[in-house]
Amino acid sequence: MSGKVKFLAVSRSSDRVVVASYTHVSAGRGDDYLASVQQVLNAPGFASQVGSASKLHLDNGPNTFHLMTDDELVFIAITASDYPRRHIFSSSDGAKTGVLGELKDAFVATHADAARTCAAFGLSRACARPFEALAKKYDDLRGIDKVANVRERVEEVTETMQENIAIVLANSDRVDQIDQKTEVLATSAHKFSKKSTALRKTMQCRYYKLNALIALIILVVIAYIVLPLIPSGDDSGD
């Protein structure tokens, strides 16, 4: 045990009574942590300065107090001052978990109703094992960092897959568009081919007609030239 996570507790916001606490260090040190927590909770101006949904870090020599509040409860963790703060609070989207985030989720799910009316430390025994498991989990920085790294890699892979799917869908849309354009081009090409064939036939017909007209004109000219040269019957009689 590294001893980085030292103490966990839950207090009511209304009267600042600690309803559950757990000391994750050697015997005899818990009273010091508990006294410090009660001093913080009962400090002048705490109620007015710390509202609902607050998240605080309070440095106190070798230790750091971490507090998170909701409408009814205050969730407290005491760690070594060099404990990474990235492992204290959970992210709003739940992608990253923290010791106080998990402490809140676990406590509210099972003891929220009892916490409203129980006596001081009335839930400490019931919370001892889950609080111990939570403290051990977040005391193992190497372990939670591995989990965080795996989760981050999973998120990266998921994001990459989503991007690839989006690209495939975009390419599919482009292929559909290309197919549509190809069909349009094929239809246009077919129409153009039909029109060009008809135009070719029309031009050939005009060409033949023009050649016939030219031949006719030539024949007329030849006849016009040759006919006067042919002797008539009256000329032979003389």
Rounded to the nearest 0.5 Å, the CG atom of Leu100 sits from the NZ atom of Lys55 at a distance of 9.5 Å

Those residues that, when tested against Phe131, pass ring pair (Phe, Tyr, Trp, His ring centres under 6.0 Å) (two or more places apart): none

Could you give all pairs that pass the salt bridge (Lys or Arg N to Asp or Glu O under 4.0 Å) test and reach residues 61-84, with sequence neighbours left out? Lys4-Asp82, Glu72-Arg116

Please enumerate all residues that pass side chain to side chain donor-acceptor pair (under 3.5 Å) together with Ser91, with sequence neighbours excluded. Asp93

Are Leu41 and Ile76 side-chain neighbours, meaning at least one heavy-atom pair lies under 4.5 Å? yes

Could you give the distance from CG (Asp105) to OG1 (Thr110), rounded to the nearest 0.5 Å? 10.5 Å

Tracing side-chain links under 4.5 Å among I, L, V, M, F, W and Y, which residues wind up in one group with Leu199? Met203

The criterion is side-chain contact (heavy atoms from CB on, under 4.5 Å); which residues satisfy it with Arg200, sequence neighbours excluded? Thr197, Gln204

To the nearest 0.5 Å, what is the distance between CD1 on Ile88 and CG on Leu67? 10.5 Å

Of all the heavy-atom pairs spanning Arg12 and Val19, show the shortest one and how long it is. NH1-CG1, 3.5 Å

So, taking the atom named OG in Ser90 and the one named NZ in Lys96, what distance separates them when rounded to the nearest 0.5 Å? 6.5 Å

Would you mind listing every ring-ring contact (aromatic ring centres under 6.0 Å, His included) that reaches into residues 195-216, with sequence neighbours excluded? none

Validation row: Leu134, Val5 side chains within 4.5 angstrom (heavy atoms): no

Which residues pass the side-chain contact (heavy atoms from CB on, under 4.5 Å) test with Val221, sequence neighbours left out? Ile217, Ile225

Would you please test Val74 and Arg16 for side-chain contact (heavy atoms from CB on, under 4.5 Å) and show each step? CA-CA 8 Å; Val74 181; Arg16 295 181 290 283; over 6 Å; no

So how far is it from Thr64 OG1 to Lys6 NZ, rounded to the nearest 0.5 Å? 9.0 Å

For Ala126 and His111, which heavy atoms make the closest approach, and how far apart are they? CB-CE1, 3.9 Å

Could you list the residues that satisfy side-chain contact (heavy atoms from CB on, under 4.5 Å) with Arg125, not counting sequence neighbours? none

What I'd like to find out is whether the side chain of Thr79 reaches to under 4.5 Å of the side chain of Tyr138, using heavy atoms alone. no

Walk me through it: do Leu8 and Val99 pass the test side-chain contact (heavy atoms from CB on, under 4.5 Å)? CA-CA 9 Å; Leu8 299 174; Val99 59; 4.0 Å; yes

Nearest 0.5 Å please: distance from the CG atom of Leu73 over to the CZ atom of Phe107. 6.0 Å

Suppose we screen for side chain to side chain donor-acceptor pair (under 3.5 Å). Which residues come up paired with Glu132, at least two apart in sequence or across chains? Lys136

Under the side-chain contact (heavy atoms from CB on, under 4.5 Å) criterion, do Cys127 and Tyr22 qualify, and how do the steps go? CA-CA 8 Å; Cys127 293; Tyr22 169 74; over 6 Å; no

Are Ile218 and Val226 connected in a single hydrophobic cluster, I mean Ile/Leu/Val/Met/Phe/Trp/Tyr linked by side-chain heavy atoms less than 4.5 Å apart? yes

Ser21: partners by side-chain contact (heavy atoms from CB on, under 4.5 Å), with sequence neighbours left out: Phe7, Ala9, Val18, Phe121, Ser124

Before giving the answer on side-chain contact (heavy atoms from CB on, under 4.5 Å), spell out for Val10 and Leu123 the whole-Å C-alpha distance, their side-chain angles and the decisive distance to 0.1 Å. CA-CA 9 Å; Val10 179; Leu123 296 173; over 6 Å; no

Supply the members, apart from Leu185, of the Ile/Leu/Val/Met/Phe/Trp/Tyr cluster built from side-chain contacts under 4.5 Å; use none for a lone residue. none

Does any pair with a residue in residues 60-84 pass ring-ring contact (aromatic ring centres under 6.0 Å, His included), and if so which ones, sequence neighbours excluded? His57-His66

Kindly say whether Ala135 contributes a backbone atom to a donor-acceptor pair with the side chain of Asp139 at under 3.5 angstrom? no

Are Ile78 and Val17 connected in a single hydrophobic cluster, I mean Ile/Leu/Val/Met/Phe/Trp/Tyr linked by side-chain heavy atoms less than 4.5 Å apart? no

Do Phe89 and Val108 belong together in a cluster built from hydrophobic side chains that touch within less than 4.5 Å? yes

